Participant: 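My questions all concern the structure below.
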Protein chains: 2
Amino acid sequence: MAKAALKSRPKQRRLSPDERRSDFIRKAAEFFSEEGFDGGTRELARKLGVTQPLLYRYFPSKDDLIREVYRTVYLDRWNPEWDALLTDRSLPIRDRMQRFYEAYTDAIFNREWLRIYLFAALKGVEINKWYVGIVEDRILARIVTEYRAEAGLPDQPPAPAELELAWVLQGGIFYYGLRRYIYESPVMEEKERVIANAVDVFLEGISRVFGTSVKVRTAYARVPEPTED
Amino acid sequence: MAKAALKSRPKQRRLSPDERRSDFIRKAAEFFSEEGFDGGTRELARKLGVTQPLLYRYFPSKDDLIREVYRTVYLDRWNPEWDALLTDRSLPIRDRMQRFYEAYTDAIFNREWLRIYLFAALKGVEINKWYVGIVEDRILARIVTEYRAEAGLPDQPPAPAELELAWVLQGGIFYYGLRRYIYESPVMEEKERVIANAVDVFLEGISRVFGTSVKVRTAYARVPEPTED
DNA sequence: CTTCTTATTTTTCATATGATAAATAAGCTG
DNA sequence: CAGCTTATTTATCATATGAAAAATAAGAAG
């Protein structure tokens, strides 16, 4: 009786290979983002509503399926318009950064993306390291370059220390997503304000640390005694 | 012959329970930090130079062992002197922050700590969420409070936006550790410079974003429509 | 309706896993 | 050395895992 209830006619329905395949990948991303890549193929199949061996009809091995998941997460989320946005000098760099980070975080601030990103990082997969390079080239180097242009600083490739400072901004914003969607700890709800403040601090700060031609402060080693005078 | 070589007399050596136990925990931290908490007990035992069932003499279950690992990672690394350092008003806040972050990152910027921290975060264990609260109370709230004191601002509890800004700093510095020890991507080697610049940007920036009584810029909401008109 | 392709399921395998029970031996005490 | 405690090992179990082979049935084509 209970048995009969469970065996409720699987109603085997055939899907077109393309449909099935993309459905597998999409749901596998959800699944692995929660369970980690050690999640079992049987449990995954149950979630997919099919039997486990069917997975092996579409992917030669679990690893191949995982690779497809990486692809959708890492490759399919970059909006090509962002390239233009960041380099559009008709807008102040501050506005460009605000808009970009709002859009970018709209894309990556969700449990699925963030968790897969971290799982991938911990596994040391090369696509993750590659992505870090992309971030530096497509986002941070541009921000520094555009900032320098707007500040009237000489046109030269971003210095390591400048990039590093941009990384602190990037990491700081990223960490906000972590706290919100991974730790699920209470955070300031208005993402736009958080971004705006972070960007403002970055822009105000960097001009003083590296100098808008005016005050060149190397920051470290200096640090006199501004206690009160 | 090969067999004989392998069975090279296990040379069973008895250790005192305390010694063995702490050895297990220490090496288990190393092991799990690399393999993740899904790492097998047999492989762990092999690394420990003992047989797998011996682990169960010292810990009722794998989970109990893992809990001990958490303890050493999360509880045993906070230096009580840091509490005094951050609140020592005989030093400029900038110096305090510099010293603190140098020491703090000396403690946590290593593969083992960072990876276990991330694995724990992904598992959603409560000790990890608890730690996030500790960071906010013991580090960030203090930084904001001490900054306000030094800037001559009214003595009031840190505003959410201020804490959030401190989180961006914290996260930015954390992310530097990630890039260096988890991604193993090329970074600026001089950690002190990175910290100094980040702290400088934070202090210079925050005073302008929240105003040292002088310029109060709310930053966001400003940003009109500079498209072109 | 019959035939044929192939998407899907049922069986099955080899291995790995966390954990337990029984056997062994290290090393202290007399 | 004898005797005893217990740290450590040698089986062993039940279950879960990724994967392959064989059996079934959905659905299009004739």
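Quick caveat: nothing in here was measured; it's all calculated off a predicted structure. Proteins get letters first, then strands, A, B, ... in listed order; numbering begins at 1 in each.
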Participant: With a 4.0 Å cut-off on N to O distance, would you call B:Asp18 and B:Arg21 a salt bridge?
Facilitator: no
Participant: B:Leu15 has an atom CG; how far is it from atom C1' of D:dT5, in whole Å?
Facilitator: 17 Å
Participant: I'd like to know if A:Arg57 reaches the base of C:dT6 with its side chain, counting only an N/O donor and acceptor under 3.5 Å.
Facilitator: no
Participant: Have a look at A:Phe59 and say if it touches a base, only the backbone sugar-phosphate, or nothing, with a 4.0 Å heavy-atom cut-off.
Facilitator: nothing
Participant: Do any N or O atoms from the side chain of B:Arg179 and from the backbone of B:Ser185 form a donor-acceptor pair under 3.5 angstrom?
Facilitator: no
Participant: Within residues 16-45 of chain B, find the residues that approach DNA chain D with a heavy atom at under 4.0 Å, and present them sorted by residue number.
Facilitator: B:Pro17, B:Arg20
Participant: Atom OH of A:Tyr58 and atom P of C:dT6: how far apart are they, to the nearest Å?
Facilitator: 12 Å
Participant: Rounded to whole Å, how long is the line connecting atom CD of B:Gln52 with atom P of D:dT12?
Facilitator: 15 Å
Participant: Measure the acute angle between the ring planes of A:Phe24 and A:Tyr58, then classify it against the limits of 30° and 60° as parallel, tilted or perpendicular.
Facilitator: perpendicular
Participant: With the side chain of B:Pro53 defined as its heavy atoms from C-beta on, choose the nearest nucleotide among D:dA7, C:dT9, C:dT20.
Facilitator: C:dT20
Participant: Between B:Trp167 and A:Gly172 (side chain of the first, backbone of the second, donor and acceptor by atom type, cut-off under 3.5 Å), is there such a pair?
Facilitator: no
Participant: Report the distance from atom CG of B:Leu54 to atom C1' of C:dA26, rounded to the nearest whole Å.
Facilitator: 13 Å
Participant: Nearest whole Å is fine: how far is C:dT8 P from A:Leu55 CG?
Facilitator: 11 Å
Participant: Anything under 30° is parallel, anything over 60° is perpendicular, the rest tilted; go ahead and classify A:Tyr183 against A:Tyr175.
Facilitator: perpendicular
Participant: Is the gap between the ring centers of B:Tyr101 and B:Phe202 under 6.0 Å?
Facilitator: no
Participant: Looking at A:Tyr131 versus A:Tyr70, is the centre-to-centre ring distance below 6.0 Å?
Facilitator: no
Participant: Round to the nearest Å and state the distance from B:Arg14 atom CZ to C:dC28 atom C1'.
Facilitator: 9 Å
Participant: What is the distance, rounded to the nearest whole Å, between atom CZ of B:Arg46 and atom P of D:dT10?
Facilitator: 14 Å
Participant: Would you indicate, yes or no, if D:dA20 has its OP1 or OP2 atom less than 4.0 angstrom from a side-chain nitrogen or oxygen of A:Tyr56?
Facilitator: no
Participant: Could you state the atom-to-atom distance from CG of B:Asp63 to C1' of C:dT17 in whole Å?
Facilitator: 14 Å
